[in-house]
Number of protein chains: 2
Amino acid sequence: MAHKPRSEMIAETRRKLVTAARRAFGTVGYADASMDDFTAEAGLTRGALYHHFGDKRGLLEAVIAEIDAEMNTRLCAISAKAGNRWQGFVDECLAYVEMALEPEIQRIVLRDGPAVLGDPSTWPTQNACIGSLTESLRRFADEGTIVAADPEALARLLNGAMLHASLWIANVPDPEATSKKAVQALRTFLDGLLTENRGSR
Amino acid sequence: MAHKPRSEMIAETRRKLVTAARRAFGTVGYADASMDDFTAEAGLTRGALYHHFGDKRGLLEAVIAEIDAEMNTRLCAISAKAGNRWQGFVDECLAYVEMALEPEIQRIVLRDGPAVLGDPSTWPTQNACIGSLTESLRRFADEGTIVAADPEALARLLNGAMLHASLWIANVPDPEATSKKAVQALRTFLDGLLTENRGSR
DNA sequence: TCATTCACATACGCCGCGTATGTGAATGGC
DNA sequence: GCCATTCACATACGCGGCGTATGTGAATGA
């Protein structure tokens, strides 16, 4: 039984570390996750962690990058299967709110991430989600579907609104009912952007 | 020279601790703020801190409560001086975005707060800001100024949008220009809520 | 085959937190 | 006005987590 080549072993080590850290960060949170503990859980030591990721922070970045990539994939799949583009956009927004309800995403990406790494808009990875939002809005604005405004600014506002809606929903006694109200309100906001709903001005 | 009564000394101690902690949290951040350091800076020790606030977390709560109260006062003053109520509401929203640009507010309330204390919607204090937003929206909905939707949900979404706009503005190379774009986009969202701007539906 | 690189493990010291304990000053009843 | 009690803090101790410096064995390449 020949050993795997070195490059594969390295990749496997990185994946083990990211996976173990992801579980730890997602459950007890970044601050309370002991590097000794979750590296041991992965059958490794802190030495491997420092070698590959520099420090705890670097590992968090890698974990977030992974989660963000998954989120982006899921969102693209959703918007792709809609009838028309605006509907796809709306679906994507609603799906984003639902995704942000997942404890792992909420804890790592929405709470600990900003605290440790700073504002998400400065993350290289966050461009994935924000970027596609912006691009969609730009096209809608260009073709007159929505009112004219800076697409990136609209995207940021929308993103913040959705994100906070998720935090709110997840921390309320009755998430089901609250979710309905939030989705309804989000639709209201989005409808307000459509030129066909605007009368004067 | 008679000493001050004990109750005043206690209040003074608490204020000293809160003030010192507020400065430390606002500059180096919660995680990197050494309790030994900033209690010493206040001429005290960690003993006083644990006696009054239980732990570091409790002190953060006190600091946030103080900042939140100040924010609410400032916001009320702004909305009070506007011509009509809707204009006052819009002014308040824009002022909120600007306030959230202040480094101390951003770091303590918007970044470290959620990470350490959990979602702001679960803080007893946050009701100050969210509560007044909700109340305003409820009245606008009742009198038909804005479209019908759950006021609290709208308030949460709005709050999230404004908050993220601030984070975005503060972390961009050119805050001035970005601020203009964000404010413009925020107006777009708010205008979209007005029934007088809605045609069909 | 041997020197080199490199992926990790091991070992050490420091710092920060929480707690248990000590102390002196202010209170309150007689 | 004296004394017991409370209480607001300070001091002392131990523990765990992080970062770094150093060691080691296996894979590479000439």
Atom pairs and distances, side-chain donor-acceptor, residues 81-88 of chain B, under 3.5 Å, sequence neighbours left out:
unit_1: B:Asn84; atom_1: OD1; unit_2: B:Trp86; atom_2: N; d: 3.0
unit_1: B:Asn84; atom_1: OD1; unit_2: B:Gln87; atom_2: N; d: 2.7
unit_1: B:Gln87; atom_1: NE2; unit_2: B:Asp91; atom_2: OD1; d: 3.0

B:Thr13 side-chain N/O to D:dC9 phosphate OP1/OP2 under 4.0 Å: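 Answer yes for this pair, as a side-chain N or O of B:Thr13 is under 4.0 Å from OP1 or OP2.
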Residue-level proximity of [range] to DNA chain D when a heavy atom falls under 4.0 Å:
range	value
residues 50-62 of chain A	A:Tyr50, A:Lys56
residues 32-40 of chain A	A:Ala33, A:Ser34, A:Met35
residues 23-31 of chain B	none

Under the ring pair (Phe, Tyr, Trp, His ring centres under 6.0 Å) rule, collect the residues that match up with B:Tyr50, sequence neighbours excluded.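 Per chain and number, B:Tyr50 pairs via ring pair (Phe, Tyr, Trp, His ring centres under 6.0 Å) with no residue.
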Can you list the residues that meet the ring pair (Phe, Tyr, Trp, His ring centres under 6.0 Å) rule with B:Tyr30, with sequence neighbours excluded?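 Ring pair (Phe, Tyr, Trp, His ring centres under 6.0 Å) check on B:Tyr30 returns B:Phe25.
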Measure from CE on A:Met9 to P on C:dC8 and round the result to the nearest Å.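 Atom CE in A:Met9 sits about 8 Å away from atom P in C:dC8.
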Would you kindly give the CG-to-C1' distance between B:Leu49 and D:dA10, to the nearest whole Å?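 My rounded result for the distance is 13 Å.
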Backbone N or O of A:Gln106 within a donor-acceptor pair of the A:Arg111 side chain at under 3.5 Å?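 Not confirmed, A:Arg111 side chain does not pair with A:Gln106 backbone.
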Is there a donor-acceptor contact under 3.5 Å from the side chain of A:Lys56 to the main chain of A:Ser34?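 Judged by distance alone, no pair lies under 3.5 Å.
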Do B:Leu186 and B:Val183 make a side-chain contact, defined as non-hydrogen atoms from C-beta onward lying under 4.5 Å apart?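 With C-beta onward as the side chain, the pair stays apart.
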Please examine the side chains of A:Met35 and A:Thr45, heavy atoms only from C-beta on, and report whether any two atoms are closer than 4.5 Å.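 Contact flag for A:Thr45/A:Met35 side chains = no.
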Applying salt bridge (Lys or Arg N to Asp or Glu O under 4.0 Å) as the test, list every pair that has at least one member in residues 112-122 of chain B; sequence neighbours left out.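 Pairs touching residues 112-122 of chain B that pass the test: B:Arg107-B:Asp112.
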Using Watson-Crick or G-U wobble geometry with both distances under 3.5 Å, which nucleotide pairs with C:dG22?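 Partner of C:dG22: D:dC9.
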Going by side chain to side chain donor-acceptor pair (under 3.5 Å), name the residues that satisfy it together with [X], two or more places apart in sequence or in a different chain.
X	result
A:Glu61	none
A:Asp36	A:Arg46
B:Ser79	B:Glu92

Do NZ/NE/NH1/NH2 and the carboxylate oxygens of A:Glu41 and A:Arg22 come within less than 4.0 Å?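 A salt bridge is absent here (no side-chain N lies under 4.0 Å from a carboxylate O).
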Atom pairs, N/O to N/O, protein against nucleotides 11-13 of chain C, distance under 3.5 Å?
none

Between D:dA10, D:dA8, C:dC8, which one does the side chain of A:Leu44 approach most closely?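 Closest nucleotide to the A:Leu44 side chain: C:dC8.
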With a 3.5 Å cut-off and sequence neighbours excluded, list the donor-acceptor pairs that the side chains of residues 137-149 of chain A form with protein atoms.
unit_1: A:Glu143; atom_1: OE2; unit_2: A:Thr145; atom_2: OG1; d: 3.1

